[in-house]
Amino acid sequence: MQAQTQRLVGQPPVIDTALVALRRHLGLPRGAAFGLFALGRSLGWIAHALEQRADAQLIRPRALYTGPQPTA
């Protein structure tokens, strides 16, 4: 599937490709891939909010970029 997508659109597959494949496999109607994406995103936000509530503090990601210096 990855090679076929690369050949057809000139780019590697993204999450949309997987969502459409899942939609077709499940026999869902057209447009359901967006609903699957929104559902997953919403559940992630809810889980994040519940975790913040349980810890009684905001969760702030801590990261340090270690890659090459971006050029202008």
Side-chain angles (χ1 to χ4, degrees):
M1 186 169 141
Q2 182 175 1
Q4 187 74 354
T5 303
Q6 179 76 37
R7 186 181 66 76
L8 289 172
V9 297
Q11 296 179 4
V14 294
I15 188 68
D16 300 329
T17 309
L19 288 171
V20 170
L22 179 62
R23 178 202 57 89
R24 288 183 178 183
H25 177 74
L26 295 175
L28 298 173
R30 286 179 161 259
F34 175 75
L36 291 172
F37 175 81
L39 178 64
R41 180 64 61 97
S42 298
L43 292 174
W45 285 343
I46 291 168
H48 188 84
L50 290 173
E51 187 177 352
Q52 286 186 149
R53 184 174 183 208
D55 291 343
Q57 65 181 5
L58 290 176
I59 297 171
R60 298 282 185 211
R62 304 284 189 259
L64 178 62
Y65 179 73
T66 60
Q69 182 70 27
T71 57

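In what follows, every heavy atom counts, from backbone to side chain, and hydrogens, waters and symmetry copies are set aside. Quick caveat: nothing in here was measured; it's all calculated off a predicted structure.
- Note: L36 CG to R23 CZ = 9.5 Å, rounded to the nearest 0.5 Å.
- No side-chain heavy atom of L22 sits less than 4.5 Å from a side-chain heavy atom of L28.
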Atom pairs and distances, donor-acceptor, side-chain atoms in residues 2-16, under 3.5 Å, two or more places apart:
residue, atom, partner, partner atom, Å
T5, OG1, M1, O, 2.9

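- The closest donor-acceptor contact from the side chain of R62 to the backbone of R60 lies under 3.5 Å.
- Distance check, rounded to the nearest 0.5 Å: NE2 of H48 to CZ of R53 gives 14.5 Å.
- Atoms CG and CG, on L43 and L39 in that order, are 4.5 Å from each other to the nearest 0.5 Å.
- In terms of modelled atom types and a separation under 3.5 Å, the side chain of Q52 and the main chain of I59 share a donor-acceptor contact.
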